[in-house]
Novice: 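I am attaching a structure below and will ask some questions about it afterwards.
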Amino acid sequence: MKKIRLDIVGLSYSQTQSGAYALVLGEVEGNRRLPIIIGSHEAQAIAIRIEKMIPSRPLTHDLFQSFAESFGIKLVEVLIYNLIEGIFYAKIICSDGNKIVEIDARTSDAVALAVRFEAPIYAYEFIMSSAGIIIEGHEFAFLENLDKANKVQDPNMVEIEEKAPSKSPNNPFSSLTDEQLEQALNQALMEENYEQAALIRDEISKRK
C-alpha cells in the first residue's frame, strides 16, 4: 500500500471534546491535513519536544528514547496503518542495525517518539483519503495553546483514544444548503479549524 509522508503542522485545544487536543498532521508533498484527537498528557509530550523545552526530570517518552539509544536501537519510522470506527492505529518500526521490529502503539505515543528520534511519520493513502482534509496552499498551521498542554497535569484524567473528530448524528451543519456548506468549509480551512472542517466534510459526503 502507498505510504504518505506527514509532518506535524498543528496542535491546539479541541473544540469538540473537553480535556482533549487536536493534533494535525500535514501531507509533506500535498495539501491534505489529518486531524487526530489526543489527550492532554500526550499533547504535552509532543509540545515540549517541539518547543525544545527541557523538563526537570525525564518524561516517559524521553526515558524510552534514552533506553533505546543505550542499547543501539533506532526508531526508523512511525506508520499510521489503520482507521477503524474512527480510531487511528499506529506502529513504531525499530532497528538495532540487524533486525527490524514493528511494535503496536497509540498514535499519540508514536508521534511523541517520532519527534524525539527525528523519525519520519507516514500514513497509508486510504487513511488520508477517508479522514484527510484538503486545504489550499501548503503553509503550516500555528501550534496553538501549547501553554495549556504544558500546564495540564491531571492524574485522574480519563485516557482518550486517538480518533478522528467525532461524526455526531446531530451534525450542526446538517441544516445548511450545499452552497452554504461549501462556504463554511472554505471559512473553516482559512481559519485552520480542521475539526470543524472535518464535520462539514462529513455532511457534504453524506449528501453525495
Side-chain angles (χ1 to χ4, degrees), residues 1-11 20-133 138 140 143 146 149-150 155 157-164:
M1 285 186 281
K2 182 180 179 181
K3 296 192 297 185
I4 305 299
R5 177 76 180 269
L6 304 173
D7 272 341
I8 299 172
V9 298
L11 183 60
Y21 284 75
L23 169 67
V24 183
L25 301 177
E27 190 175 18
V28 172
E29 297 182 357
N31 58 354
R32 290 178 293 182
R33 299 288 185 263
L34 186 67
I36 303 173
I37 305 302
I38 66 175
S40 63
H41 293 296
E42 293 78 13
Q44 177 195 44
I46 295 169
I48 283 178
R49 194 62 176 206
I50 290 175
E51 293 295 292
K52 301 187 185 304
M53 299 176 185
I54 301 177
S56 58
R57 299 297 296 153
L59 299 179
T60 303
H61 301 90
D62 300 319
L63 177 61
F64 181 95
Q65 180 187 17
S66 298
F67 178 86
E69 291 179 341
S70 295
F71 288 91
I73 298 170
K74 179 182 179 182
L75 177 58
V76 178
E77 69 178 64
V78 163
L79 176 62
I80 302 172
Y81 67 91
N82 212 347
L83 175 62
I84 302 175
E85 296 182 354
I87 305 298
F88 292 98
Y89 290 80
K91 56 187 172 184
I92 58 175
I93 300 173
C94 305
S95 173
D96 63 358
N98 297 310
K99 182 172 65 174
I100 294 178
V101 177
E102 298 183 358
I103 304 173
D104 193 39
R106 294 192 306 165
T107 304
S108 58
D109 287 329
V111 171
L113 290 174
V115 297
R116 284 163 170 77
F117 283 89
E118 298 183 352
I121 302 169
Y122 296 94
Y124 282 133
E125 170 61 38
F126 80 89
I127 293 176
M128 297 302 295
S129 297
S130 61
I133 300 293
H138 301 274
F140 282 169
L143 296 175
L146 294 188
N150 294 333
M157 178 178 168
V158 177
E159 183 175 299
I160 296 173
E161 293 182 285
E162 290 81 10
K163 59 185 180 180

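FYI, side chains are in, hydrogens and waters are out, and symmetry mates aren't considered; it's all heavy atoms of this structure. Here the structure is a predicted model, which means the values were calculated and not measured.
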Novice: To the nearest 0.5 Å, how far apart are CG in L79 and OH in Y124?
Specialist: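 Reported value, rounded in 0.5 Å steps: 4.5 Å.
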Novice: State, yes or no, whether a side-chain contact exists between V115 and I8 at a heavy-atom distance under 4.5 Å.
Specialist: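 Contact flag for V115/I8 side chains = yes.
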Novice: Can you check side chain to side chain donor-acceptor pair (under 3.5 Å) on S40 and Q44, steps first, answer last?
Specialist: CA-CA 6 Å; S40 63; Q44 177 195 44; over 6 Å; no
Novice: Short question: side chain of E27, backbone of R32 - any donor-acceptor pair under 3.5 Å?
Specialist: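 Between the backbone of R32 and the side chain of E27 there is a qualifying donor-acceptor contact (under 3.5 Å).
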Novice: If you draw a 6.0 Å radius around CD1 in I84, do more than 12 non-hydrogen atoms from other residues or ligands fall strictly inside?
Specialist: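 Check passes, neighbour count above 12.
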Novice: With a 4.5 Å heavy-atom cut-off, do L34 and V24 have their side chains touching?
Specialist: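 No, every pair of side-chain atoms sits at 4.5 Å or beyond.
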Novice: So which heavy atom on P35 is nearest to which on A131, and how close?
Specialist: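 Taking every non-hydrogen atom into account, CD-O, 3.9 Å.
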Novice: Before giving the answer on side-chain contact (heavy atoms from CB on, under 4.5 Å), spell out for V28 and Y122 the whole-Å C-alpha distance, their side-chain angles and the decisive distance to 0.1 Å.
Specialist: CA-CA 10 Å; V28 172; Y122 296 94; over 6 Å; no
Novice: Go through E77 and K3 one step at a time and tell me if the salt bridge (Lys or Arg N to Asp or Glu O under 4.0 Å) criterion holds.
Specialist: CA-CA 12 Å; E77 69 178 64; K3 296 192 297 185; 2.9 Å; yes
Novice: Is any side-chain heavy atom of I46 closer than 4.5 Å to one of L23?
Specialist: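 The answer is yes; the side chains approach within 4.5 Å.
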Novice: Check whether any side-chain heavy atom of S95 lies under 4.5 Å from a side-chain heavy atom of I73, and answer yes or no.
Specialist: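 Result no, sub-4.5 Å side-chain heavy-atom pair not found.
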Novice: Return the CZ to CD1 distance between F88 and I38, rounded to the nearest 0.5 Å.
Specialist: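 That separation rounds to 12.0 Å.
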Novice: Between F71 and F67, how do the two ring planes meet: parallel, tilted or perpendicular, split at 30° and 60°?
Specialist: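 Taking F67 first and then F71, their aromatic rings sit tilted (interplane angle of 30° to 60°).
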Novice: Assess K91 against Y81: is NZ or CZ under 6.0 Å from the centre of the six-membered ring, and within 45 degrees of the ring's axis?
Specialist: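 Yes; both conditions hold, so K91 lies above the ring face of Y81.
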Novice: Are R116 and L59 packed together at the side-chain level, in the sense that at least one heavy-atom pair is separated by less than 4.5 angstrom?
Specialist: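 In short, these two side chains touch, coming nearer than 4.5 Å.
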Novice: Give a yes or no answer on whether the side chain of D96 reaches the backbone of N98 with a donor-acceptor pair at less than 3.5 Å.
Specialist: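 Here the side-chain-to-backbone pair exists.
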Novice: Would you check, one step at a time, whether the test side-chain contact (heavy atoms from CB on, under 4.5 Å) holds for N82 with I87?
Specialist: CA-CA 8 Å; N82 212 347; I87 305 298; over 6 Å; no
Novice: Go through the steps for E69 and K74 under the test salt bridge (Lys or Arg N to Asp or Glu O under 4.0 Å), then give the verdict.
Specialist: CA-CA 7 Å; E69 291 179 341; K74 179 182 179 182; over 6 Å; no
Novice: Would you mind telling me which of L75, V101, V76 makes a side chain to side chain contact (heavy atoms under 4.5 Å, CB included) with I92?
Specialist: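 The residue from L75, V101, V76 that satisfies side chain to side chain contact (heavy atoms under 4.5 Å, CB included) with I92 turns out to be L75.
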Novice: Got a second to check how far S129's OG is from I4's CD1, nearest 0.5 Å?
Specialist: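 The distance works out to 8.0 Å.
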Novice: Please check this pair: side chain of S66 against backbone of L63, looking for a donor-acceptor N/O pair closer than 3.5 Å.
Specialist: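 Between the backbone of L63 and the side chain of S66 there is no qualifying donor-acceptor contact (under 3.5 Å).
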Novice: How long is the straight-line distance from CD1 of I121 back to CG of L113, given to the nearest 0.5 Å?
Specialist: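 Answer for the CG-CD1 pair, L113 versus I121, is 10.0 Å.
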Novice: Give the minimum heavy-atom separation between S108 and E42, together with the two atoms involved.
Specialist: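 Minimum heavy-atom contact is OG-CG, 3.0 Å.
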Novice: Any chance you could measure E29, atom CD, to L6, atom CG, to the nearest 0.5 Å?
Specialist: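 The distance works out to 11.5 Å.
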Novice: State, to 0.1 Å, how close A20 and I37 come at their nearest heavy-atom pair, and which atoms those are.
Specialist: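 Reported closest heavy-atom pair: CB-CG2, 3.7 Å.
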Novice: Is there a donor-acceptor pair under 3.5 Å between the side chain of R49 and the backbone N or O of A45?
Specialist: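 It does not hold such a pair.
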Novice: Taking all atoms of both residues into account, what is the closest heavy-atom pair of F117 and A68, and its distance?
Specialist: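 Shortest heavy-atom contact: CZ-CB, 3.9 Å.
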Novice: CG/L83 to OG1/T107 distance, rounded to the nearest 0.5 angstrom?
Specialist: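 Output value for this atom pair is 9.5 Å.
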Novice: Find out whether H61 and D109 are in side-chain contact, i.e. whether some heavy atom of one side chain is under 4.5 Å from a heavy atom of the other.
Specialist: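 Yes, side chains in contact.
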